[in-house]
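Contents: one structure, followed by commentary.
In this text, all values refer to a predicted model and were calculated from it rather than measured experimentally.
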Amino acid sequence: MAKMKALICRECGKEYPTEALHVCELCFGPLEVKYNYDEIREAMSRASIEAGPKSLWRYKELLPIEGGPTIGLHAGMTPLVHAKNLGAFLGLDELYIKNDCVNQPTLSFKDRVVAVALTRARELGYETAACASTGNLANSVAAHAAQAGMQCYVFIPGDLEAAKVLGNLIYRPKVVEIEGNYDDVNRLCSEIAGERRWAFVNVNIRPYYAEGSKTLAFEVVEQLGWRAPDQVVVPMASGSLLTKIWKGLNEFQKIGLLKDVSTKVNGAQAEGCSPIATAYKDGRDFFKPVKPNTIAKSLAIGNPADGYYALKTVAESQGAMDAVTDDEVIEGIKLLAQTEGIFAETAGGVTIGTLRKLVKQGAIKKHDVTVAYITGNGLKTQEAVVDSVGRPFRIPPSLVKFEQTFGQQGAA
Ligand SMILES: *Cc1c(COP(=O)(O)O)cnc(C)c1O
Ligand SMILES: [Zn+2]
């Protein structure tokens, strides 16, 4: 019997076959993957996981594929760093950084979701990969499609960072830059998905794609020595990653790999695009769409598909949300780099800035085992910090000049 049982509507519970479907035809609710947990409990143990590949595929029983993995074999199992310096600075005893800056092959957490989505898309017979992206997703789809020999179309907003544009072109997909923001891109892609038989990883393949994010929960539990953290801080664009970290933790509990889960799930956004965090702070269970205006472009979704569920998750787990200014994003990037030697992109700055606020507010406490999710690489968003890191000391190749600049040895 297959471990993946059906797709199920998150609103009315109607079940569908495990095909390229994403909305309920009765109530327009989003579909998600339903598993046979009794069977998974039999198939998965700590020992079997530990004996698995050093990639996210060690958790394949809880991922929505029928055969073995075929695309994205090296995604996942990124370092969990005990951030002693940053922890000391913030007053936290046990702070960990989940470092997806170094995910393979395109240096963001999107390599997880794309590995799962395209492996499933191949199983469903698709030959063309596509996506609506805020940047990182397009890079990952383009790279994986090149490796897999699939046709590829990536759709991006017109204002992306140079490295994220180049990080598509190098793989030679069709790069379609839309004169508009991500929400415009997404709307167009939904229309195209109705016309072409393409695997739009975050449109018609979305239920499978989103499951890849659960591995950010699974790995953290395993890397903490099979315990769930007390607090997690998660950056939010559509809100999908946040909801799936919660789903992943609860699945581990369901199949007996964790005793109980009392993790508080906290959400982070940039003030220039914070529909979800603003709803949380206003005490609403629904968000109002906004027009994004922030340097955190990877999170710039004004009408977040999973915003409603992210609010529900945070309420259920008794976590919190907050948002930070662009200056605080830059501060966060620099703080993480200068304490832990990790250069994150703007989304990482959002996470660290928000973590800082939550500690200050007392929502996260000194003894809490806290994991901050750092989801993308700083070399892709250099524009954000180039004006706030100073310049090199430029001198001729002369010892005299060097000593004039830095003083005699022992003097400085
Ligand atoms: C896509 C992305 C996220 C979060 O995406 P969701 O849509 O909320 O799942 C977080 N960080 C980075 C760097 C991303 O590219
Ligand atoms: Zn429904």
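Looking at W57, its side chain does come within 3.5 Å of a backbone N or O of G72 through a donor-acceptor pair. Although no hydrogens or angles enter the test, the distance criterion places no donor-acceptor pair under 3.5 Å between the side chain of N266 and the main chain of M321. Using modelled atom types, one side-chain atom of D326 and one backbone atom of I295 make a donor-acceptor pair closer than 3.5 Å. Counting only distance, with no hydrogens or angles, the side chain of T339 and the backbone of L335 share a donor-acceptor pair below 3.5 Å. When atom types are taken as modelled, the side chain of T370 and the backbone of D368 share a donor-acceptor pair closer than 3.5 angstrom. A donor-acceptor pair is defined here as one N or O able to donate and one able to accept, closer than 3.5 Å; such a pair exists between the side chain of K297 and the backbone of D159. Distance alone, capped at 3.5 Å, is enough to place a donor-acceptor pair between the N204 side chain and the F200 backbone. Judged purely by atom type and a 3.5 angstrom limit, Q269 has no side-chain atom pairing as donor or acceptor with the backbone of A323. Checked by atom type and distance alone, the side chain of E383 never pairs as donor or acceptor with a backbone atom of A163 at under 3.5 Å.
With respect to the salt-bridge test (charged N to carboxylate O, under 4.0 angstrom), the residues R112 and E219 qualify. A salt bridge is defined here as a Lys NZ or Arg NE, NH1 or NH2 lying under 4.0 Å from an Asp or Glu carboxylate O, and E328 with K360 fails to meet this definition. Taking a cutoff of 4.0 Å between a charged side-chain nitrogen and a carboxylate oxygen, D306 and K244 do not qualify as a salt bridge.
K380 and N136 share a side-chain donor-acceptor pair at under 3.5 Å. No donor-acceptor contact under 3.5 angstrom links the side chains of S108 and N103, judged on distance only. A donor-acceptor contact closer than 3.5 angstrom is absent between the side chains of T243 and R10.
In this structure, the separation between NZ on K164 and CG on N377 is 9.5 Å, given to the nearest 0.5 Å. Expressed to the nearest 0.5 Å, how far CG of L63 lies from OH of Y35 amounts to 6.0 Å. In this structure, CG on D322 lies 8.0 Å from CD on E271, to the nearest 0.5 angstrom. F155 CZ to N202 CG: the interatomic distance, rounded to the nearest 0.5 Å, is 11.0 Å. Considering CZ of R206 and OG of S238, their distance stands at 4.5 Å, rounded to 0.5 Å. Expressed to the nearest 0.5 Å, how far CG of D111 lies from CG of L56 amounts to 9.5 Å.
Among L137, L160, T375, T346, the single residue meeting the side chain to side chain contact (heavy atoms under 4.5 Å, CB included) criterion with S298 is T346.
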Considering only distance and modelled atom types, tabulate donor-acceptor pairs under 3.5 Å from the side chains of residues 114-121, sequence neighbours left out.
{"residue": "T119", "atom": "OG1", "partner": "I71", "partner atom": "N", "Å": "3.1"}
{"residue": "T119", "atom": "OG1", "partner": "I71", "partner atom": "O", "Å": "3.1"}
{"residue": "T119", "atom": "OG1", "partner": "A115", "partner atom": "O", "Å": "2.9"}
{"residue": "R120", "atom": "NH1", "partner": "E66", "partner atom": "OE1", "Å": "2.8"}
{"residue": "R120", "atom": "NH1", "partner": "E123", "partner atom": "OE1", "Å": "2.7"}
{"residue": "R120", "atom": "NH2", "partner": "T18", "partner atom": "O", "Å": "2.6"}

Side-chain donor-acceptor pairs of residues 390-397 under 3.5 Å, sequence neighbours excluded:
none

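Seen from the ring of Y96, K98 does not count as a face-on cation partner, given the 6.0 Å and 45° thresholds. In this structure, R284 satisfies the cation-pi test against F286, with its NZ or CZ atom closer than 6.0 Å to the six-membered ring centre and inside 45 degrees of the ring normal.
In the displayed structure, E15 atom CD is contacted under 6.0 Å by more than 12 heavy atoms of other residues, nucleotides or ligands.
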